[in-house]
Each structure stands twice: as C-alpha cells, then as structure tokens.
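Just below is one structure, and these are the notes that go with it.
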Amino acid sequence: MLGAMPHVIYEVNLDIDAAVADAYRAWLTVHIDELLTLPGFLEATCFDVRDPAPSAGRVALCVQYQLRDRAALDDYLRDHAPRMRADGLQRFGDAFRATRRILVPDAHVTRRS
C-alpha cells in the first residue's frame with residue numbers, strides 16, 4: 001500500500017474456470033502491467049479469494065487498482081477499457097466472468113495509524 005491513501009480503488013473480481021486459470025493468470029500479469037503504464041494508475045494488488053470459496057472447478061481472484069483520482073479512472077473507462085476488456089474476452093471467452101466496483105474513501109470514518 002502506498003503511504004498516502006488512494007483517492008479511488010477500482011476493484012475487479014474474477015471468477016475463472018480452473019482449466020484455464022494458469023493461462024489466465026499469465027495474461028492477467030501482462031494486463032496489469034499495461035494498466036500500470038496508464039496515467040493515474042499507481043499500484044495494483046491481486047488477491048486469491050479464499051472466502052467465500054469459489055465453486056468447484058473455479059478460481060476466484062480480486063484485483064484492486066489504486067488510482068490518483070476519479071478523473072484518471074474515467075479516462076481509463078472511456079479510452080482504454082473497451083479495448084482491454086475485449087482482449088480478455090477474445091482470449092478466454094466465457095471461461096471467466098468479471099464484476100467491478102469503484103471504491104472511494106469515506107472521510108467520515110477513515111482513520112490511519
């Protein structure tokens with residue numbers, strides 16, 4: 001985690017067919033590296049989701065991207081997301097599903113140690 005609190009977290013939750021999980025992870029590494037070259041992307045962390053456990057024959061991952069601000073995310077969603085999402089669909093088709101969330105700190109309850 002960066003020292004300063006990110007202004008926006010863009011979270012992508014992935015449900016992947018275990019038969020393609022290794023190939024998907026290899027592609028995801030390159031995909032994340034490409035995203036991190038875009039203006040405003042600061043850091044990415046990929047988590048192996050353990051709870052709730054994925055269904056049998058599935059792998060669950062969660063990628064959290066930290067961005068400078070909402071404008072950087074909006075630029076990505078407008079200018080890059082369609083192309084980058086299409087690449088994953090072309091390579092893996094319906095062997096994966098992705099859901100996304102946008103998180104912003106709540107200044108009323110956020111605390112730092």
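Along the sequence shown, residues carry numbers from 1.
Contact check for Tyr65 versus Glu43: no side-chain heavy atoms found under the 4.5 Å cut-off. Contact check for Leu38 versus Leu35: side-chain heavy atoms found under the 4.5 Å cut-off. Inter-residue side-chain proximity for Ile102 and Val8 is flagged as met; some heavy-atom pair is nearer than 4.5 Å. At least one side-chain heavy atom of Glu11 sits under 4.5 Å from a side-chain heavy atom of Leu103.
When hydrophobic clusters are built by joining Ile, Leu, Val, Met, Phe, Trp and Tyr residues whose side-chain heavy atoms come closer than 4.5 Å, directly or via intermediates, Leu89 is grouped together with Trp27. In the hydrophobic clustering of ILVMFWY residues, with side-chain heavy atoms under 4.5 Å counting as a link, Val12 and Leu77 come out together.
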Kindly list each side-chain donor-acceptor pair under 3.5 angstrom involving residues 51-63, sequence neighbours excluded, with atom names and distances?
unit_1, atom_1, unit_2, atom_2, d
Arg58, NE, Asp15, OD2, 3.0
Arg58, NH2, Asp15, O, 3.1
Arg58, NH2, Asp15, OD2, 2.8

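Here Asp75 pairs with Arg78 under the salt bridge (charged side-chain N to carboxylate O under 4.0 Å, His left out) rule; sequence neighbours left out. Considering only residues two or more places apart in sequence or on other chains, Phe96 meets the ring pair (Phe, Tyr, Trp, His ring centres under 6.0 Å) condition with Tyr24. For Asp17, there are no side chain to side chain donor-acceptor pair (under 3.5 Å) partners, not counting sequence neighbours. Under the side chain to side chain donor-acceptor pair (under 3.5 Å) criterion, Asp48 pairs with Arg50, sequence neighbours left out. Contacts of Tyr10 classified as side chain to side chain donor-acceptor pair (under 3.5 Å), with partners at least two apart in sequence or in another chain: Arg85, Arg100. Every salt bridge (charged side-chain N to carboxylate O under 4.0 Å, His left out) that Asp74 has, sequence neighbours left out, goes to Arg70. Residues passing the side chain to side chain donor-acceptor pair (under 3.5 Å) test with Glu34, sequence neighbours excluded: Arg83.
Nearest approach of Ile16 to Val20, heavy atoms of both residues: CG2-CG2, 3.9 Å. Taking each heavy atom of Ala44 and Leu36 in turn, the nearest pair found is N-CD2, 4.0 Å.
A 6.0 Å sphere centred on CG of Asp79 holds more than 12 heavy atoms belonging to other residues, nucleotides or ligands.
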